[in-house]
Amino acid sequence: QVQLVESGGGLVQAGDSLRLSCVASTRTFSNYVMGWFRQAPGREREFVASIASIDWSGSNTRYADSVKGRFTISRDNAKNTVYLQMNNLKPDDTAVYYCAGQHVTAVAFGSWGQGTQVTVSS
């Protein structure tokens, strides 16, 4: 497993933008599929976005329907960092956002960060 540390959350107004960052402590970051999940109060944790282990063109990304066109996931393997750019935020985006990592040999995400709070006011 790999240690993950998120940052970048905060309190914003509807329509604003935020960029979340997640730094991984591993020498083999490029071997991990990285993802973002979120959990709102009283709800189960849900998938937000993921990016393949080696992403050259941005095409190997997936998004939840609720964030398509507003959120963009990217990674910088030289910095062991994955990002989530969130634009046009809505109150429904309010949640704790978690970074997750899945080694290419694994069948599921097995490494999780501690989470960062995103609150969007109307």
Side-chain angles (χ1 to χ4, degrees):
Q1 295 193 355
V2 59
Q3 288 189 332
L4 303 171
V5 179
E6 305 99 330
S7 62
L11 172 62
V12 298
Q13 293 186 334
D16 286 351
S17 298
L18 273 178
R19 189 177 80 157
L20 305 182
S21 299
C22 172
V23 179
S25 61
T26 175
R27 294 182 179 180
T28 58
F29 180 68
S30 61
N31 290 339
Y32 283 82
V33 175
M34 298 302 296
W36 288 96
F37 292 74
R38 68 186 181 186
Q39 186 168 20
R43 301 183 64 177
E44 293 188 354
R45 186 160 54 188
E46 65 175 3
F47 169 80
V48 175
S50 66
I51 187 166
S53 57
I54 298 177
D55 177 63
W56 300 107
S57 65
S59 58
N60 294 322
T61 55
R62 292 176 55 235
Y63 297 94
D65 288 343
S66 58
V67 306
K68 278 182 182 177
R70 300 188 299 120
F71 291 11
T72 302
I73 188 171
S74 62
R75 66 190 296 160
D76 185 337
N77 289 337
K79 295 182 178 180
N80 280 16
T81 302
V82 61
Y83 304 98
L84 185 67
Q85 177 66 44
M86 306 185 293
N87 297 331
N88 191 22
L89 283 160
K90 304 176 180 180
D92 283 348
D93 295 319
T94 295
V96 177
Y97 283 72
Y98 297 91
C99 175
Q102 176 183 346
H103 194 267
V104 292
T105 61
V107 297
F109 287 96
S111 299
W112 296 86
Q114 81 288 351
T116 185
Q117 177 70 47
V118 172
T119 303
V120 185
S121 64
S122 58

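Scanning both residues, Leu4 and Ser111, for their nearest heavy atoms gives CD1-O, 3.5 Å. Closest of all the heavy-atom pairs between Ala14 and Ser122 is CB-CA, 4.4 Å.
Rounded to the nearest 0.5 Å, atoms OG1 (Thr72) and CZ (Arg19) are 11.5 Å apart. Rounding to the nearest 0.5 Å gives a distance of 10.5 Å between CD of Gln1 and OG of Ser25. Atoms CG and OG, on Asp93 and Ser66 in that order, are 7.0 Å from each other to the nearest 0.5 Å.
Cluster membership check: Val33 shares its hydrophobic cluster with Tyr98, using side-chain heavy-atom separations under 4.5 Å among Ile, Leu, Val, Met, Phe, Trp and Tyr. Linking ILVMFWY side-chain heavy atoms closer than 4.5 Å, directly or via other members, places Trp36 and Phe109 in two distinct hydrophobic clusters. No continuous path of ILVMFWY side-chain contacts below 4.5 Å connects Tyr83 to Val2, so the two sit in separate hydrophobic clusters. Hydrophobic clustering (ILVMFWY, side-chain heavy atoms < 4.5 Å, transitive): Val23 and Trp112 are in distinct clusters.
Using a distance-only test at 3.5 Å, with no hydrogens or angles considered, a donor-acceptor pair links the side chain of Asn80 to the main chain of Thr26. A donor-acceptor distance shorter than 3.5 angstrom exists from the side chain of Glu6 to the backbone of Cys99, with no hydrogens or angles considered. Put simply, the side chain of Gln117 never gets that close to the backbone of Gly9: no donor and acceptor are under 3.5 Å apart. For Tyr63 (side chain) and Gly69 (main-chain N/O), no donor-acceptor pair under 3.5 Å exists by modelled atom type. Counting only distance, with no hydrogens or angles, the side chain of Ser30 and the backbone of Asn77 share no donor-acceptor pair below 3.5 Å. No side-chain donor-acceptor contact under 3.5 Å links Asn31 to the backbone of His103. When atom types are taken as modelled, the side chain of Thr94 and the backbone of Val120 share a donor-acceptor pair closer than 3.5 angstrom. In this structure a side-chain-to-backbone donor-acceptor pair under 3.5 Å is missing from Ser21 to Val82.
Applying the 6.0 Å contact sphere to CD of Gln3 captures no more than 12 heavy atoms from other residues, nucleotides or ligands.
In this structure, the side chains of Leu20 and Val118 come closer than 4.5 Å at one or more pairs of heavy atoms. Proximity of Leu89 to Ser17: side-chain heavy atoms (C-beta onward) are nowhere separated by under 4.5 Å. Taking 4.5 Å as the limit, every side-chain heavy atom of Leu18 sits out of range of all side-chain heavy atoms of Phe71.
Cation-pi geometry between Arg75 and Tyr32 is not met at under 6.0 angstrom from the ring centre and within 45 degrees of the axis.
Using a 4.0 Å cut-off between charged side-chain N and carboxylate O, Asp65 and Lys68 make a salt bridge.
Note on ring orientation: taking the six-membered ring where Trp is involved, the planes of Phe37 and Phe47 are perpendicular (angle over 60°, cut-offs 30° and 60°).
Each of Met86, Lys90, Arg38 was evaluated against Val67; a single residue qualifies, Arg38, per the side chain to side chain contact (heavy atoms under 4.5 Å, CB included) test.
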